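Everything below concerns the one structure shown next.
None of the values given here were measured: they were computed from a predicted structure.
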Amino acid sequence: MTVRIAVTGAAGRMGKALIEAAHLAEGAKLSAAIVRPDSSLVGADAGEIAGLGKLDVAIAGDINAVLDDFDVLIDFTTPAATVANAQACAAAGKQLVIGTTGCTEQELTAIQQAAGQTAICMASNFSTGVNVTFKLLNMAAQILGHDYDVEIVEAHHRHKVDAPSGTALSMGEAVATGLGQKLKDVAVYAREGQVGPRSKDEIAFATVRGGDVVGDHTVMFLADGERVEITHKASSRMSFARGAARAAVWLAAQPAGLYDMQDVLGLK
């Protein structure tokens, strides 16, 4: 079976990478692309805007116009748009891959409700390498234990709107779980002024924004006399796009429920 994939947010840098990945993915084909209704690209060929040449896939300005044209939608847009798309896909029996980050608790609840009707794969990062890194971080935390301080540093391009990145937060979750903690109880997101000495259990985040950095993440385990660093650096959005396309093919055969990239890769 060939899985028909739709890409929303097709006009953006990530959208174009997703179009290419869907077009090239084994067992899949790009069958629809969506942009905002007011975009000048409505009606254009998705392949041409992604630099692939003509693919005979006309870009739509509304998901409802192409609901019959795809099996799985890939959405790396904004939280509000993603929630609306999740509800539309659930109602139509379509599956959904979500790479959108920065969702509120209310938005996450709405996505979870949609997953009661259809299969949804949601992850902060769809890179295979990053998901292996999550596993390594969990193992490192279990072995190193509470004798090591944990600091997480992430860097992204100047256009990223949420901080810390969803990937950094997932890394923090992996470490916290390995230490038997809940991230919300130990996370520190800012330091300024006379903050006092570092507490033993905190997991702290530092954020860098600038230039065209695709995504750099380093988790440091620091103890007296040594430091262990686990780093992942992305140099191209295609690493995320290929993973999302892989997830879409996998998701097409799954029953309703909420999955993540660890499920796709069999890392759980």
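- Every residue meeting the side-chain hydrogen bond (donor to acceptor under 3.5 Å, both in side chains) condition with D260, not counting sequence neighbours, appears here in chain and number order: K268.
- Judged purely by distance below 3.5 Å, without hydrogens or angles, the side chains of E107 and T104 pair a donor atom with an acceptor atom.
- Sequence neighbours left out, not one pair with a member in residues 34-67 passes ring-ring contact (aromatic ring centres under 6.0 Å, His included).
- Applying side-chain contact (heavy atoms from CB on, under 4.5 Å) to M261 and the options F134, F126, W250 leaves one that passes, F126.
- A donor-acceptor pair is defined here as one N or O able to donate and one able to accept, closer than 3.5 Å; such a pair exists between the side chain of D45 and the backbone of D56.
- For the residue pair A174 and L137, the shortest heavy atom distance occurs at CB-CB, 4.3 Å.
- Remark: the backbone N or O of K94 is paired with a side-chain donor or acceptor of T118 at under 3.5 angstrom.
- The shortest heavy-atom contact between K160 and S165 is CE-CB, 3.6 Å.
- For the pair V72 and A252, the tightest heavy-atom approach, listed with the atom from each and the gap, is CG2-CB, 4.2 Å.
- Considering I63, I5, V66 in turn, I63 is the only one that fulfils the side-chain contact (heavy atoms from CB on, under 4.5 Å) rule with L73.
- With salt bridges taken as basic N to acidic carboxylate O contacts below 4.0 Å, none links E151 and R227.
- Across all non-hydrogen atoms, the minimal contact from H146 to D201 is ND1-OD1, 3.5 Å.
- For the pair V3 and M1, the minimum side-chain heavy-atom distance is below 4.5 Å.
- Within the model, atoms CE of M171 and CD1 of I203 stand 13.0 Å from one another, a figure rounded to the nearest 0.5 Å.
- Checking D263, I120, L108 one by one against L258, the side-chain contact (heavy atoms from CB on, under 4.5 Å) holds for a single residue, I120.
- Using modelled atom types, one finds a donor on one side chain and an acceptor on the other under 3.5 Å when comparing Q142 with N138.
- Counted by atom type alone, T82 and D75 present one or more donor-acceptor pairs between their side chains at under 3.5 Å.
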Side chain to side chain contact (heavy atoms under 4.5 Å, CB included) between R237 and L18, intermediate numbers included = CA-CA 9 Å; R237 288 175 177 80; L18 288 166; over 6 Å; no
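- A salt bridge does not link K184 with E173: every distance from a Lys NZ or Arg NE/NH1/NH2 to an Asp or Glu carboxylate oxygen is 4.0 Å or more.
- Counted by atom type alone, T218 and T231 present one or more donor-acceptor pairs between their side chains at under 3.5 Å.
- Remark: R191 engages E202 in a salt bridge, criterion side-chain N to carboxylate O under 4.0 Å.
- Considering every non-hydrogen atom in both P164 and A168, the closest pair reads CB-CB, 4.2 Å.
- Taking the six-membered ring for Trp, F240 and F76 have ring centres at least 6.0 Å apart.
- Between I49 and K16, some side-chain heavy-atom pair lies under the 4.5 Å cut-off.
- Scanning all heavy atoms of the two residues, the minimum distance from T100 to T77 falls at OG1-N, 3.1 Å.
- With contacts defined as side-chain heavy-atom distances shorter than 4.5 Å, the pair R13/H159 qualifies.
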